[in-house]
**Q** 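Please read through the structure below; I'll follow up with questions.
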Amino acid sequence: QVELVESGGGLVQAGDSLRLSCAASGRTFRDRNIGWFRQAPGKDREFVAAISRIGDTYYTDSVKGRFTISRDNDKNTVSLQMNSLKPDDTAVYYCARTPRTAFYVPTDYLRSQKSYENWGQGTQVTVSS
């Protein structure tokens, strides 16, 4: 059973930075796509960013230029560097893993929650104004 554990959340002020980490157990990490999603109070969970098994990155428009996703396959971790945080970024952030896929997958596949089979428990990010 694969386990994903997020860390790095916290309470910050607008304009500050946070770095979230997603640590995965198990050997089958480097051939999986990893995504970050978030859910704000009273809202549906939404796509934030994803990194494919070959390192291609994808972002939702609202975080482009501010967030950076990266992966370290040797350490089985994926990070989400979040800069210039805004109150609208306040949410619980989840990382998730897809099943094994081909090297290239459609962008829509990585943006869809249905593509992911394993989820972490989430980490709270709160940005005050």
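All of these numbers come straight from a predicted model, not from anything done at the bench.
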**Q** Check whether L4 and L20 end up in the same hydrophobic cluster, where Ile, Leu, Val, Met, Phe, Trp and Tyr are linked by side-chain heavy atoms less than 4.5 Å apart.
**A**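 No, separate clusters.
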
**Q** Starting from V5, walk the hydrophobic network (Ile, Leu, Val, Met, Phe, Trp, Tyr; side-chain heavy atoms closer than 4.5 Å) and list everyone else you reach, by chain and number.
**A** none

**Q** Considering non-hydrogen atoms only, spot the tightest contact between A49 and L80 and give its length.
**A**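 Between these two residues, the closest heavy atoms are CB-CD1, 4.1 Å.
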
**Q** Can you tell me how far the CG atom of N73 sits from the NZ atom of K75, to the nearest 0.5 Å?
**A** 12.0 Å

**Q** Answer yes or no: is there a donor N or O on one side and an acceptor on the other, between the side chain of Q39 and the main chain of E46, under 3.5 Å?
**A**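 No: the side chain of Q39 does not pair with the backbone of E46.
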
**Q** Taking I69 as the starting point, is it possible to reach L85 by hopping between hydrophobic residues whose side chains are less than 4.5 Å apart?
**A**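 Same cluster: L85 reaches I69 through Ile, Leu, Val, Met, Phe, Trp or Tyr contacts under 4.5 Å.
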
**Q** Within a strict 4.5 Å, meaning less than it, do heavy atoms of the N33 and V105 side chains meet?
**A**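 Yes - at least one pair of side-chain heavy atoms lies under 4.5 Å apart.
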
**Q** Can you list the residues that meet the side-chain hydrogen bond (donor to acceptor under 3.5 Å, both in side chains) rule with R53, with sequence neighbours excluded?
**A** none

**Q** Can you list everything that forms a side-chain hydrogen bond (donor to acceptor under 3.5 Å, both in side chains) with D89? Sequence neighbours excluded, please.
**A**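 For D89 the side-chain hydrogen bond (donor to acceptor under 3.5 Å, both in side chains) partners, ignoring immediate neighbours, are R38, R66.
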
**Q** Which atom names give the shortest non-hydrogen contact between F103 and I54, and what distance separates them?
**A**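 That would be CD2-CG2, 3.4 Å.
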
**Q** Should V78 and I51 be marked as a side-chain contact (heavy atoms from CB on, under 4.5 Å) after you check the CA-CA gap, both sets of side-chain angles, and the distance that decides it?
**A** CA-CA 8 Å; V78 169; I51 187 165; 4.2 Å; yes

**Q** Nearest 0.5 Å, what's the OG1-OH distance between T101 and Y109?
**A** 5.5 Å

**Q** Can you run down the disulfide bond (SG atoms under 2.5 Å apart) pairs that involve residues 34-77, sequence neighbours left out, and say none if there aren't any?
**A** none

**Q** Quick check: closest heavy atoms across Q81 and S17, and the distance to 0.1 Å?
**A**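 So the two residues come closest at NE2-CB, 3.9 Å.
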
**Q** Checking N76 against S25 for the side-chain hydrogen bond (donor to acceptor under 3.5 Å, both in side chains) test, could you report, in this order, the C-alpha distance in whole Å, the side-chain angles of both residues, the deciding distance, and whether it holds?
**A** CA-CA 7 Å; N76 279 14; S25 62; over 6 Å; no

**Q** With the 4.5 Å side-chain cut-off for hydrophobic clustering, are W36 and L110 part of the same group?
**A** no

**Q** Using salt bridge (Lys or Arg N to Asp or Glu O under 4.0 Å) as the criterion, list what pairs up with E3, not counting sequence neighbours.
**A**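 Expected list: none.
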
**Q** Donor-acceptor pair, R71 side chain versus S52 backbone, under 3.5 Å?
**A** yes

**Q** Partners of D74 by salt bridge (Lys or Arg N to Asp or Glu O under 4.0 Å), sequence neighbours excluded?
**A** R30

**Q** I'd like to check the ring pair (Phe, Tyr, Trp, His ring centres under 6.0 Å) partners of Y93; sequence neighbours left out, ordered by chain and number.
**A**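 Y93: no ring pair (Phe, Tyr, Trp, His ring centres under 6.0 Å) contacts found.
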
**Q** Evaluate F29 against T77 for side-chain contact (heavy atoms from CB on, under 4.5 Å), listing each step before the verdict.
**A** CA-CA 9 Å; F29 178 81; T77 59; 5.6 Å; no

**Q** Please name the pair of heavy atoms, one in Y58 and one in T107, separated by the smallest distance, quoted to 0.1 Å.
**A**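 Answer, listing the atom of Y58 first, then T107: CE2-OG1, 3.4 Å.
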
**Q** Might you point out which heavy atoms bring S21 and S79 nearest each other, and give the distance in Å?
**A** OG-OG, 3.9 Å

**Q** Under the salt bridge (Lys or Arg N to Asp or Glu O under 4.0 Å) test, which residues partner K114, sequence neighbours left out?
**A** none

**Q** If you look at every heavy atom in A40 and A91, which pair is closest and at what distance?
**A** N-CB, 3.7 Å

**Q** E117: which residues meet the side-chain hydrogen bond (donor to acceptor under 3.5 Å, both in side chains) condition with it, sequence neighbours left out?
**A**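 Residues passing side-chain hydrogen bond (donor to acceptor under 3.5 Å, both in side chains) with E117: R32, R97.
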
**Q** Once salt bridge (Lys or Arg N to Asp or Glu O under 4.0 Å) is applied, do any residues pair with D31, and if so which ones, sequence neighbours excluded?
**A** R100

**Q** Filter on disulfide bond (SG atoms under 2.5 Å apart), then keep only pairs touching residues 21-129, sequence neighbours left out; what's left?
**A**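 Residue pairs with at least one partner in residues 21-129: C22-C95.
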
**Q** Tell me whether Y94 is reachable from V127 by hopping between hydrophobic residues (I, L, V, M, F, W, Y) whose side-chain heavy atoms are closer than 4.5 Å.
**A**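 Per the 4.5 Å side-chain linkage, V127 and Y94 are not co-clustered.
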
**Q** Could you tell me which residues satisfy side-chain hydrogen bond (donor to acceptor under 3.5 Å, both in side chains) with T126, sequence neighbours excluded, listed by chain and number?
**A** Q124

**Q** I would like to know whether K64 and D61 meet salt bridge (Lys or Arg N to Asp or Glu O under 4.0 Å); could you show each step before the answer?
**A** CA-CA 5 Å; K64 284 181 181 177; D61 286 346; 3.1 Å; yes

**Q** Once rounded to the nearest 0.5 Å, what's the spacing between atom OG1 of T98 and atom CG of N118?
**A** 9.0 Å

**Q** Taking Y59 as the starting point, is it possible to reach L18 by hopping between hydrophobic residues whose side chains are less than 4.5 Å apart?
**A** yes

**Q** Which word best sums up how the rings of F37 and Y116 line up, parallel for under 30°, tilted for 30 to 60°, or perpendicular for over 60°?
**A**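 F37 vs Y116 ring planes: perpendicular.
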
